[in-house]
Amino acid sequence: MYEIISLQDKNAGDTGFLVPIEEMLDIPFFIKRIYYIGGVSASARRGYHAHRNLEQVLICVIGSVKILLDDGNEKKVIELCDPFHALYIKPGLWREMYDFTSESVLLVLASEHYNEEDYIRNYSDFLEWKQGES
Ligand code: T46
């Protein structure tokens, strides 16, 4: 359903960390788009959709956030709270993001340009699509 990718701090010494991410080396796809999400209130819940083809890597570079993933049969909750841990999400998973801490910033690397047609934003449509897939 997902993988946690460990990222490496390449900055030796006591001057903070530096974490490079290289396409097809650290993550398993070519990066076509980068975006980040921040300023989310503690009560807000985002997402509520799945992607047909898009692969993504999510990194909470500041603070923490919970990610619910649902493949139509099973649900998992992953807490992202470490800038050295990246969550790789394959296509075909319903996702919701919640419990953003104040100041948290969620960085997302995506395998495709933005395409609203790749989204399934209705949960019943998602379940129907998953049945058609299997
Ligand atoms: C995802 C989760 C983790 C754009 O115009 N370009 C973009 O690249 C993106 C990502 C969004 N938008 C527009 C579409 C909406 O009008 O920004 C608005 C907010 O997007 P959305 O409601 O889809 O945001 P989230 O936080 O629910 O979901 C986002 C990504 O859209 C989605 O792919 O997996 O983050």
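Every heavy atom of this structure was used, including side-chain atoms; hydrogens, water molecules and symmetry mates were not. Atoms within a ligand are numbered from 1 in the order they appear, just like the ligands themselves.
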Starting from [atom], which protein heavy atom do you reach first, and at what distance in Å?
atom                    : result
atom 27 (O) of ligand 1 : Gly47 N, 2.8 Å
atom 12 (N) of ligand 1 : Tyr114 CE1, 3.7 Å
atom 32 (C) of ligand 1 : His49 NE2, 3.0 Å
atom 31 (O) of ligand 1 : Tyr119 OH, 2.5 Å
atom 29 (C) of ligand 1 : Tyr35 OH, 3.7 Å

*asked:* Protein heavy atoms near atom 10 (C) of ligand 1, is at least one of them under 4.0 angstrom away?
replied: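 It does: a protein heavy atom is found less than 4.0 Å away from atom 10 (C) of ligand 1.
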
*Does the protein put a heavy atom under 4.0 Å from atom 17 (O) of ligand 1?*
no

*Is it true that Tyr123 and Tyr48 have ring centroids separated by less than 6.0 Å?*
no

Does [X] pair with [Y] as a salt bridge, N-O distance under 4.0 Å?
X      : Y      : result
Glu128 : Lys130 : no
Asp70  : Lys75  : yes
Glu96  : Lys66  : no

*For Leu106 and ligand 1, does the shortest N/O to N/O distance drop below 3.5 Å?*
no

*May I ask you to check whether Arg46 has an N/O atom sitting below 3.5 Å from an N/O atom of ligand 1?*
yes

*So Ile5 and His85, side chain to side chain contact (heavy atoms under 4.5 Å, CB included) or not? Walk me through it.*
CA-CA 6 Å; Ile5 299 172; His85 284 164; over 6 Å; no

Just heavy atoms, cut-off under 4.0 Å: does [X] contact ligand 1 by side chain, backbone, both, or neither?
X      : value
Ile37  : side chain
Glu96  : neither
Glu116 : neither
Tyr48  : neither

*Would you mind running through ligand 1 and noting each atom that sits below 4.0 Å from a heavy atom of Gln56?*
1 (C), 33 (O), 34 (O)

*Would you mind listing which atoms of ligand 1 come within a distance below 4.0 Å of any non-hydrogen atom of His51?*
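Numbered from 1, ligand 1 contributes 32 (C), 33 (O), 34 (O).
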
Measure the [atom1]-[atom2] distance between [X] and [Y] for me, rounded to the nearest 0.5 Å.
X     : Y      : atom1 : atom2 : value
Lys32 : Leu109 : NZ    : CG    : 14.5 Å
Glu55 : Ile31  : CD    : CD1   : 11.5 Å
Ile89 : Ser111 : CD1   : OG    : 11.5 Å

*Does the ring pair (Phe, Tyr, Trp, His ring centres under 6.0 Å) test come out yes or no for Phe17 and Phe84, once each step is laid out?*
CA-CA 10 Å; Phe17 59 78; Phe84 307 111; 5.0 Å; yes

*For atom 22 (O) of ligand 1, which of Met97, Arg33, Arg45, Arg121 has the closest heavy atom?*
Arg121

*Can you spot which of His113, Arg52, His51 makes a side chain to side chain donor-acceptor pair (under 3.5 Å) with Asp118?*
His51

